[in-house]
A.B. asks: 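Before we start, here is the structure in question, set down as structure tokens.
The basis for the numbers below is simple: all heavy atoms, side chains too, and nothing from hydrogens, waters or symmetry mates.
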Amino acid sequence: MADFSARFATTTEQQNWDALVTSNPGGGNVLQSAAFAEVKSHHGWRPRFLVLEGPESTSYNLILEKRVPLLGALWYLIKGPGVTEAGQVPAAVRAVAELARREGQRVFAIKVEPDLVDGPEARQIFRASGLVKTFNLQPNDSTAILDTTPDSNQLLRNLHSRGRNAVRRAIREGVEVQRMEPTQETFRAMYSLMAHIEDRSAARMRSFEYYSRFWQNFVDAGQGRFYFVYEDGEPSVGAFVINYGSKGTYKDGGSRPGRTQYGDSHLVQWRAINDLKDEFGIVEYDFCGTPPSDRLKDTDHPHHGLGLFKTSFTKTVTDFVGCYDFVVSGWKYRVWNTIAERVARQVYWRRTHQPFY
């Protein structure tokens, strides 16, 4: 079994955080970025910057720390640990637990969600090592990922026929996609468009203050941009997309119901994909959330409609392993798992009207 050691990042490493994260196995994840860490620091979490050193590679991982009265600290390795295979996760997380003990951090549990594809072998490895499966937190634990390495003409041919036909018709009928300046007016318009999606799905929005900080951070880092389509002089479709290393992500989107321009939302995505491909050389584009692959046809799934749109670009849905808990203190974790987590989430919601995680 591979050995790992864990330490906190140096000041120099934190200053070069994104370059280091995107050198991780698998190319890192946008939710481990410096921009995202800063956002979460304003919403109840303390970012900790972790370096995992293994026999084959070193990875840079974001820990989000939440202090819980009487219990101590919960560490959340968002989209981590950064390893190459499921068999390395147990040793990596034990190294993180040893770091917590060594530094006197009073951590009672470590939540992990490595960017590894789900399957019976991974689940068996995690169960055998004592990792406890818990509910998934991120919308793209099941997601549609488009391979963007082909040239633009071939990439269009590779799309699902529904998406390809929608893009071609929108182009033919003169739909115009505009790249927007990241102004407060754009932020407000984007937030308004997103509210329509909330009306039509189970998606729940965070506050405007959260989104505006998120968007501004990624814009300032040169990693985020907006695209709109207008109809009758008003924004009708909007998207905020991110470039992070070799990956693109469709992070936020919204549209006005009752639109008449066919294929407008598809053309927004097509423009964004090609721009990120041309400017940053992305090799994949994450549509950021679908139903699990075995529930794509389930009309009762709360994300069924979003899944239909996203899988019109690529039929393939990737299911990642999702969230597992590593128990550091047995009795504290039992308290957390039976009552404290539920209470903490309810209290936080009542105080802030925002999700706990």
A.B. asks: Return the CD1 to OG1 distance between I145 and T316, rounded to the nearest 0.5 Å.
C.D. replies: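 These two atoms lie 9.5 Å from each other.
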
A.B. asks: By the side-chain hydrogen bond (donor to acceptor under 3.5 Å, both in side chains) test, which pairs, at least two apart or in different chains, include something from residues 25-37?
C.D. replies: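 Applying side-chain hydrogen bond (donor to acceptor under 3.5 Å, both in side chains) to every pair that reaches into residues 25-37, excluding sequence neighbours, yields N29-D115.
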
A.B. asks: For the hydrophobic clusters of this structure (ILVMFWY residues joined by side-chain heavy atoms under 4.5 Å, transitively), does one cluster hold both W270 and L306?
C.D. replies: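 Shared cluster, no.
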
A.B. asks: Hey, does the side chain of T186 reach the backbone of P182 with a donor-acceptor pair shorter than 3.5 angstrom?
C.D. replies: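 The answer is no, because no donor-acceptor pair under 3.5 Å joins these two groups.
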
A.B. asks: Looking only at atom types and distance, does a side-chain atom of N243 sit under 3.5 Å from a main-chain N or O of G248, one as donor and one as acceptor?
C.D. replies: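 Between the backbone of G248 and the side chain of N243 there is no qualifying donor-acceptor contact (under 3.5 Å).
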
A.B. asks: Transitively linked via ILVMFWY side-chain contacts under 4.5 Å: L267 with V241?
C.D. replies: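 Looking at the clustering, V241 is in the same group as L267.
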
A.B. asks: Take I242 and Y250 through the side chain to side chain contact (heavy atoms under 4.5 Å, CB included) test and state the conclusion after the steps.
C.D. replies: CA-CA 7 Å; I242 294 172; Y250 170 32; over 6 Å; no

A.B. asks: Are F226 and V177 co-members of a hydrophobic cluster defined by side-chain heavy atoms under 4.5 Å apart?
C.D. replies: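 No, no single cluster joins them.
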
A.B. asks: Take D286 and K247 through the test salt bridge (Lys or Arg N to Asp or Glu O under 4.0 Å) and record every step on the way to the result.
C.D. replies: CA-CA 8 Å; D286 184 354; K247 300 177 181 180; over 6 Å; no

A.B. asks: Please determine if R213 and E209 form a salt bridge, counting it only when a charged side-chain N lies under 4.0 Å from a carboxylate O.
C.D. replies: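 Salt bridge flag = yes for E209 with R213.
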
A.B. asks: Which heavy atom in P150 sits nearest to a heavy atom in N158, and how many Å separate them?
C.D. replies: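 Looks like CG-ND2, 3.5 Å.
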
A.B. asks: Check for a donor-acceptor pair, side chain of K310 on one end and backbone N or O of G289 on the other, with a separation under 3.5 Å.
C.D. replies: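 Pair found, side chain donor or acceptor close to backbone of G289.
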
A.B. asks: Compare every heavy atom of F326 with every heavy atom of A97, then report the nearest pair and how far apart it is.
C.D. replies: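 Closest pair (atom of A97, atom of F326, distance): CB-CE2, 3.7 Å.
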
A.B. asks: Using the side chain to side chain contact (heavy atoms under 4.5 Å, CB included) rule, take L31 and L62 through it: C-alpha gap first, then chi angles, then the decisive distance, then the call.
C.D. replies: CA-CA 8 Å; L31 296 183; L62 177 63; over 6 Å; no

A.B. asks: Step through it carefully: locate the ring centre of F240, locate the ring centre of Y227, and say whether they are under 6.0 Å apart.
C.D. replies: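 Centroid separation for F240 and Y227: 6.0 Å or greater.
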
A.B. asks: Using the ring-ring contact (aromatic ring centres under 6.0 Å, His included) rule, pick out the option among F214, W215, F208 that qualifies with Y211.
C.D. replies: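 Exactly one option meets the ring-ring contact (aromatic ring centres under 6.0 Å, His included) with Y211, and it is W215.
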
A.B. asks: Please determine which of V327, L70, V68, V335 meets the side chain to side chain contact (heavy atoms under 4.5 Å, CB included) test together with F108.
C.D. replies: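 Between F108 and the candidates, side chain to side chain contact (heavy atoms under 4.5 Å, CB included) is satisfied uniquely by V68.
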
A.B. asks: Treating S59 as the side-chain partner and N24 as the backbone partner, does any N or O pair qualify as donor plus acceptor under 3.5 Å?
C.D. replies: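 Between the backbone of N24 and the side chain of S59 there is no qualifying donor-acceptor contact (under 3.5 Å).
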
A.B. asks: Around atom NZ of K133, are there more than 12 heavy atoms of other residues, nucleotides or ligands at under 6.0 Å?
C.D. replies: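 More than 12 within 6.0 Å, yes.
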
A.B. asks: May I ask you to check whether over 12 heavy atoms, not counting those of E176, lie within 6.0 Å of atom CD?
C.D. replies: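 Result for CD/E176: open.
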
A.B. asks: Determine, for E65 against K40, whether the closest basic-nitrogen to carboxylate-oxygen distance falls under 4.0 angstrom.
C.D. replies: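 So E65 does not pair with K40 through a salt bridge.
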
A.B. asks: For the residue pair L193 and P235, what are the closest heavy atoms and their distance?
C.D. replies: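 Between these two residues, the closest heavy atoms are CD2-O, 3.6 Å.
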
A.B. asks: Within a strict 4.5 Å, meaning less than it, do heavy atoms of the I273 and T148 side chains meet?
C.D. replies: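 Yes, their side chains come closer than 4.5 Å.
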
A.B. asks: Do T260 and E231 have a side chain donor and acceptor closer than 3.5 Å?
C.D. replies: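 There is such a pair between these side chains.
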
A.B. asks: Judged by atom type as modelled, is there a donor-acceptor pair below 3.5 Å linking the side chain of N337 to the main-chain atoms of Y333?
C.D. replies: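 No; zero donor-acceptor contacts below 3.5 Å.
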
A.B. asks: If you draw a 6.0 Å radius around CD in E181, do more than 12 non-hydrogen atoms from other residues or ligands fall strictly inside?
C.D. replies: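 Atom CD in E181 is not crowded, with 12 or fewer foreign heavy atoms closer than 6.0 Å.
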
A.B. asks: Is any side-chain heavy atom of H266 less than 4.5 Å from a side-chain heavy atom of R164?
C.D. replies: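 Result no, sub-4.5 Å side-chain heavy-atom pair not found.
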
A.B. asks: Return yes if a side-chain donor-acceptor contact under 3.5 Å exists between T311 and H160, otherwise no.
C.D. replies: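 There is no such pair (donor and acceptor under 3.5 Å, judged by atom type) between the side chains of T311 and H160.
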
A.B. asks: Could you tell me if D18 and Y244 have a donor-acceptor pair between their side chains, going purely by distance under 3.5 Å?
C.D. replies: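 There is such a pair between these side chains.
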
A.B. asks: Got a donor-acceptor contact below 3.5 angstrom from the D141 side chain to the Q138 backbone?
C.D. replies: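 Judged by distance alone, yes, a pair lies under 3.5 Å.
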
A.B. asks: What's the verdict on side chain to side chain contact (heavy atoms under 4.5 Å, CB included) for Q105 and R101, showing C-alpha distance, side-chain angles and the deciding distance?
C.D. replies: CA-CA 6 Å; Q105 296 298 306; R101 186 201 63 77; over 6 Å; no

A.B. asks: Return yes if some donor-acceptor pair links the side-chain N/O of R67 with the main-chain N/O of R46 below 3.5 Å, else return no.
C.D. replies: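 Absent.
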
A.B. asks: Quick one: is the NZ or CZ of K251 closer than 6.0 Å to the six-membered ring centre of F218, and within 45° of its axis?
C.D. replies: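 No, K251 does not sit over the ring of F218.
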
A.B. asks: What's the spacing between L77 CG and L50 CG if we round to 0.5 Å?
C.D. replies: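 Answer for the CG-CG pair, L77 versus L50, is 6.0 Å.
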
A.B. asks: Treating K111 as the side-chain partner and T134 as the backbone partner, does any N or O pair qualify as donor plus acceptor under 3.5 Å?
C.D. replies: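 Pair absent, no side-chain N/O of K111 close to backbone of T134.
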
A.B. asks: Are V175 and F313 grouped together when hydrophobic residues (ILVMFWY) are joined by side-chain heavy atoms under 4.5 angstrom apart?
C.D. replies: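 Hydrophobic grouping puts V175 with F313.
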
A.B. asks: Please walk me through it: do L308 and H304 pass side chain to side chain contact (heavy atoms under 4.5 Å, CB included)?
C.D. replies: CA-CA 6 Å; L308 285 177; H304 175 71; 3.5 Å; yes

A.B. asks: Taking side chain as C-beta onward, heavy atoms only, is N140 less than 4.5 Å from F287?
C.D. replies: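 Not in contact.
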
A.B. asks: Going through the distances and angles, do H43 and Y210 end up as a ring pair (Phe, Tyr, Trp, His ring centres under 6.0 Å)?
C.D. replies: CA-CA 8 Å; H43 294 273; Y210 181 97; 4.8 Å; yes

A.B. asks: Would you call R188-E185 a salt bridge at under 4.0 Å N-O?
C.D. replies: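 No.
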
A.B. asks: More than 12 foreign heavy atoms under 6.0 Å from CD of E121: is that the case here?
C.D. replies: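 Not more than 12 within 6.0 Å, no.
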
A.B. asks: Measure from the side-chain N and O atoms of N16 to the backbone N and O of A19, and report whether any donor-acceptor pair falls under 3.5 Å.
C.D. replies: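 No, N16 side chain to A19 backbone: no donor-acceptor pair under 3.5 Å.
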
A.B. asks: Tell me which one of R7, Q14, E13 satisfies side-chain hydrogen bond (donor to acceptor under 3.5 Å, both in side chains) with T10.
C.D. replies: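 Testing each of R7, Q14, E13 against T10, the sole residue satisfying side-chain hydrogen bond (donor to acceptor under 3.5 Å, both in side chains) is E13.
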
A.B. asks: Taking side chain as C-beta onward, heavy atoms only, is Y324 less than 4.5 Å from V132?
C.D. replies: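 No, every pair of side-chain atoms sits at 4.5 Å or beyond.
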
A.B. asks: Can you find a heavy atom in the side chain of L131 that is under 4.5 Å from one in the side chain of V89?
C.D. replies: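 Heavy-atom side-chain distance check passes, below 4.5 Å.
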
A.B. asks: Who are the side-chain contact (heavy atoms from CB on, under 4.5 Å) partners of S265, not counting sequence neighbours?
C.D. replies: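 S265 satisfies side-chain contact (heavy atoms from CB on, under 4.5 Å) with V237, R259, F309 only.
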
A.B. asks: Cluster question for you: counting only ILVMFWY and a side-chain heavy-atom cut-off of under 4.5 Å, with indirect links fine, are L296 and L146 together?
C.D. replies: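 L296 does not cluster with L146.
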
A.B. asks: Would you give the length of the straight line joining atom CG of L99 to atom CZ of R48, rounded to the nearest 0.5 angstrom?
C.D. replies: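 It comes to 8.0 Å.
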
A.B. asks: Take R169 and E173, measure what salt bridge (Lys or Arg N to Asp or Glu O under 4.0 Å) needs, and give me the verdict at the end.
C.D. replies: CA-CA 6 Å; R169 179 171 166 182; E173 295 183 358; 2.9 Å; yes

A.B. asks: Quick check against the 3.5 Å criterion: does E113 have a side-chain atom that pairs as donor or acceptor with the backbone of P81?
C.D. replies: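 Not confirmed, E113 side chain does not pair with P81 backbone.
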
A.B. asks: Rounded to the nearest 0.5 Å, how far does CZ of F135 lie from SG of C323?
C.D. replies: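 C323 atom SG to F135 atom CZ measures 7.5 Å (nearest 0.5 Å).
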
A.B. asks: Provide the full list of side-chain hydrogen bond (donor to acceptor under 3.5 Å, both in side chains) pairs with a residue in residues 345-357, sequence neighbours left out, each pair given once.
C.D. replies: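 Output for this query lists E341-Y357.
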
A.B. asks: Once you round to the nearest 0.5 Å, how far does CH2 of W45 lie from CD1 of I78?
C.D. replies: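 The CH2 atom of W45 sits 8.5 Å away from the CD1 atom of I78.
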
A.B. asks: Looking at CG of L116 and CZ of F320, how far apart are the two atoms once the value is rounded to the nearest 0.5 Å?
C.D. replies: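 Going from CG on L116 over to CZ on F320, the span is 8.5 Å.
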
